[in-house]
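Below: one structure, written as structure tokens.
All values derive from a computational prediction rather than experimental measurement.
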Protein chains: 2
Amino acid sequence: MRDFTKKLRVLLIDDNANHLRGIKELISLETSYNVVGATRNANLGLSLIKKYRPDIVLMDVNMPEKDGLQTIQSINKLGISTNVVILSGYDDSDLIYRAMKLGARGYVLKTMASSKLIDAIETVADGKIYLPSVLTTRFFEYFQNAAKEESKVSAGENLLTTLTGRENEVLDLLTQGINYKSIAQKLIISETTVKTHVNNIFQKLQVNDRTNAVLYALTHGFKPSSTMQQEMAAA
Amino acid sequence: MRDFTKKLRVLLIDDNANHLRGIKELISLETSYNVVGATRNANLGLSLIKKYRPDIVLMDVNMPEKDGLQTIQSINKLGISTNVVILSGYDDSDLIYRAMKLGARGYVLKTMASSKLIDAIETVADGKIYLPSVLTTRFFEYFQNAAKEESKVSAGENLLTTLTGRENEVLDLLTQGINYKSIAQKLIISETTVKTHVNNIFQKLQVNDRTNAVLYALTHGFKPSSTMQQEMAAA
DNA sequence: AATTATCAATCGTTCCATGGATTAAATGAC
DNA sequence: GTCATTTAATCCATGGAACGATTGATAATT
């Protein structure tokens with residue numbers, strides 16, 4: 001948990017000088033915070049993060065040169081567990097989704113009351129995610145839509161359902177890039193039997209080589225039905 | 001937007017008779033709501049949804065026979081755009097993630113104050129997502145962790161970066177399940193040249209057949225670098 | 001400026017292994 | 001009696017390995 005005897009170390013990154021100054025003043029009013037750095041340049045911000053290890057990084061997404069999303073990625077590569085709170089001018093669902101996916105811990109709109117920014121810092125410092133209701137809704141607009149598209153593919157006229165149990169096992173091994181001989185050994189059947197199964201699979205999936213069979217399986221949500229032999233092999 | 005002249009039609013599904021009764025009474029107190037149905041059985045709930053087309057469905061996740069998640073899927077298959085609000089006893093991050101991914105519009109814990117349930121209904125009826133701060137945090141615990149695992153694979157010693165431009169184009173076609181001859185035709189080069197490229201790809205990706213090359217590409221975030229010729233072909 | 005080295009991209013030939021199509025058939029379970 | 005599972009034998013196409021070799025672009029060296 002948070003150590004209330006120490007001041008929260010906050011770093012600011014925003015290419016807009018006015019915003020930067022405004023935010024800095026706002027945060028400096030809070031006695032429990034300590035602004036360890038404020039810069040208009042993302043790359044400079046990265047080295048400041050390396051040097052000062054701030055608890056919280058408040059960062060604009062929309063910056064020239066290196067944008068906020070790229071900067072989050074760079075921070076992740078550093079292996080430093082800093083809590084990033086994104087500042088943005090727009091409630092673009094795609095942008096919110098990508099920022100959160102990259103590990104942002106909070107997202108605040110610049111149009112929001114300044115008290116929200118303090119809320120965000122407090123919440124995030126407390127180990128929680130700060131995402132206002134509107135932005136949560138925006139996030140899920142994107143997220144649920146993407147999930148829907150995904151399920152569309154794996155649903156609807158799914159030829160995978162026509163496969164028998166044994167064919168499923170064989171397809172499972174095919175999707176692991178294993179050849180006839182090894183499949184035969186794994187299933188303890190002859191190679192010709194494997195070929196028969198594979199041929200049947202091809203016909204059912206309406207393809208004519210293993211690569212396309214594997215591609216079909218992967219893009220249609222194939223999940224090996226009997227995972228038994230793998231677990232046994234692991235034992 | 002919501003039509004305030006009409007009552008919100010609410011359907012309840014919860015296998016626990018006491019909960020069901022309690023929630024029903026709670027909601028009945030609100031004059032702007034109309035409970036169109038309340039059932040302890042998920043499958044019965046489904047037919048009630050078909051019949052009454054409620055604005056909101058309040059549903060328990062933890063039910064015998066058919067659980068809440070499966071029920072959401074069934075509702076989705078019906079093609080009815082009902083807003084599902086999940087009721088759950090636990091703030092399990094995995095469960096929250098899956099429910100939201102399947103399209104739930106809200107998530108409320110049974111341990112929360114009953115006023116939260118009203119808040120949820122209001123918020124969701126208003127077209128927004130209702131996810132309390134704690135649950136948002138839980139959700140992102142799972143979501144960001146999954147994203148992290150994903151990026152781990154596509155990052156780190158990625159052999160794909162060693163491929164040349166031409167090799168990338170060839171691999172792109174390989175991942176579409178195309179054979180040597182057709183690749184040669186598409187790229188307007190000889191088949192032997194394609195084989196040379198493919199062999200180089202195999203060595204760089206440390207595999208020895210096309211299936212494994214394709215599998216490597218797909219599991220390591222391969223994105224064809226030059227999409228030009230495809231766009232040109234489309235024109 | 002001339003050279004050397006490196007590397008991407010191209011093509012060819014040979015040769016063998018593997019993949020895949022086809023046809024046929026036996027067994028056992030439901 | 002249908003269907004899943006198994007095996008066999010034949011045959012051809014495709015995939016892939018191995019070795020060699022040319023061109024052009026780029027960079028480094030002299």
Side-chain angles (χ1 to χ4, degrees), chain A residues 158-218 222 224-230 232, chain B residues 158-218 222 224-230 232:
Chain A
N158 200 330
L159 301 173
L160 290 172
T161 59
T162 64
L163 299 182
T164 68
R166 201 55 160 171
E167 284 163 359
N168 265 294
E169 291 180 42
V170 173
L171 180 55
D172 180 27
L173 296 175
L174 275 186
T175 59
Q176 293 175 39
I178 307 178
N179 62 17
Y180 284 137
K181 202 178 293 178
S182 302
I183 292 177
Q185 286 170 359
K186 291 217 175 203
L187 299 182
I188 322 178
I189 53 178
S190 82
E191 195 174 333
T192 57
T193 307
V194 177
K195 286 191 177 189
T196 306
H197 286 312
V198 171
N199 264 300
N200 292 334
I201 292 172
F202 287 171
Q203 287 184 9
K204 289 186 179 178
L205 301 188
Q206 293 166 19
V207 299
N208 37 36
D209 59 56
R210 55 175 68 221
T211 307
N212 282 292
V214 169
L215 287 173
Y216 186 95
L218 296 184
F222 173 71
S225 48
S226 55
T227 325
M228 299 167 294
Q229 54 277 16
Q230 286 157 37
M232 285 171 63
Chain B
N158 199 329
L159 301 173
L160 289 172
T161 60
T162 63
L163 299 183
T164 68
R166 202 55 161 170
E167 286 163 357
N168 265 294
E169 293 180 41
V170 173
L171 180 55
D172 180 28
L173 297 175
L174 275 186
T175 59
Q176 293 174 40
I178 307 178
N179 61 15
Y180 285 138
K181 202 178 294 178
S182 302
I183 292 177
Q185 287 169 0
K186 290 217 176 204
L187 299 181
I188 322 179
I189 54 179
S190 84
E191 196 174 332
T192 58
T193 305
V194 177
K195 286 193 175 186
T196 307
H197 286 313
V198 171
N199 264 303
N200 291 333
I201 292 172
F202 287 171
Q203 288 185 7
K204 290 187 178 178
L205 301 188
Q206 294 165 19
V207 298
N208 36 36
D209 58 56
R210 58 177 62 222
T211 307
N212 282 291
V214 169
L215 286 172
Y216 187 95
L218 296 184
F222 173 71
S225 48
S226 55
T227 324
M228 298 168 294
Q229 54 279 14
Q230 287 158 34
M232 287 171 61

Tell me, please, which residues at least two apart from Thr162(B) pass side chain to side chain donor-acceptor pair (under 3.5 Å).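 Applying side chain to side chain donor-acceptor pair (under 3.5 Å) to Thr162(B) gives none.
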Using a 4.5 Å cut-off on heavy atoms from C-beta on, say whether the side chain of [Y] contacts that of [X].
| X | Y | value |
| --- | --- | --- |
| Val170(B) | Ile201(B) | yes |
| Leu160(A) | Leu163(A) | yes |
| Leu215(A) | Val207(A) | no |
| Asn168(A) | Phe222(A) | yes |

I need the minimum non-hydrogen distance between Leu187(A) and Arg166(A), along with the two atoms involved.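 Nearest heavy atoms, Leu187(A) then Arg166(A): O-NH2, 3.4 Å.
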On a heavy-atom basis, which atom in Thr175(A) and which in Ala217(A) lie closest, and how many Å separate them?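 Scanning both residues completely, I find the closest heavy atoms to be CG2-CB, 3.9 Å.
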Could you go over nucleotides 6-9 of chain C and give all protein N or O partners under 3.5 Å, atom names and distances?
residue	atom	partner	partner atom	Å
dA9(C)	OP1	Arg166(B)	N	3.1
dA9(C)	OP2	Thr164(B)	OG1	2.3

Listed pairs under 3.5 Å, donor-acceptor, residues 178-185 of chain B side chains, sequence neighbours left out:
residue	atom	partner	partner atom	Å
Asn179(B)	OD1	Ser182(B)	N	3.0
Asn179(B)	OD1	Ser182(B)	OG	3.0

Earlier contact from the 5' end, DNA chain C, for Phe202(A) and Lys181(A):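 On the 5' side of the pair lies Lys181(A).
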Using side-chain contact (heavy atoms from CB on, under 4.5 Å) as the criterion, point out the one residue from Leu174(A), Asp209(A), Leu171(A) that pairs with Val198(A).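 Result for side-chain contact (heavy atoms from CB on, under 4.5 Å) with Val198(A): Leu174(A).
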Residue pairs involving residues 195-207 of chain A (criterion side chain to side chain donor-acceptor pair (under 3.5 Å); sequence neighbours excluded):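 Checked against side chain to side chain donor-acceptor pair (under 3.5 Å) - neighbours excluded - the pairs reaching residues 195-207 of chain A are Glu167(A)-Lys204(A).
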How long is the straight-line distance from CG of Asn208(B) back to OG1 of Thr211(B), given to the nearest 0.5 Å?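 That separation rounds to 10.5 Å.
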Value rounded to 0.5 Å, distance of CD in Glu169(B) from OG1 in Thr164(B):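 One finds 8.5 Å between CD of Glu169(B) and OG1 of Thr164(B).
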Report each atom pair, protein N/O against N/O of nucleotides 22-24 of chain C, whose distance is under 3.5 angstrom.
none

Select base, sugar-phosphate, or nothing to describe what Ser190(A) touches, counting heavy atoms under 4.0 Å on all strands.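 It contacts sugar-phosphate atoms only.
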When we call it a touch if two heavy atoms are under 4.0 Å apart, what does Asn179(B) touch: a base, just sugar-phosphate, or nothing?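 Sugar-phosphate contact only - Asn179(B) comes under 4.0 Å of backbone atoms but never of a base.
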Give the angle between the helix axes at the two ends of the helix from dA1(C)-dT30(D) to dC30(C)-dG1(D), taking five base pairs at each end and rounding to 10°.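 Inter-axis angle at the termini of the helix from dA1(C)-dT30(D) to dC30(C)-dG1(D): 40°.
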Let me know the distance between CG of Asp209(A) and P of dG20(C), rounded to the nearest Å.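 One finds 6 Å between P of dG20(C) and CG of Asp209(A), rounded.
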Segment of DNA chain D, first to last nucleotide, that comes within the 4.0 Å heavy-atom reach of chain B: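 Going 5' to 3' along DNA chain D, contacts run dT14(D) to dA17(D).
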Between protein and nucleotides 27-30 of chain C, what N or O pairs are separated by less than 3.5 Å?
none

Taking only residues two or more places apart in sequence, or in another chain, which ones meet Ser190(A) in a side chain to side chain contact (heavy atoms under 4.5 Å, CB included)?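 Partners of Ser190(A) by the side chain to side chain contact (heavy atoms under 4.5 Å, CB included) criterion, ordered by chain and then number, come out as Thr192(A), Thr193(A).
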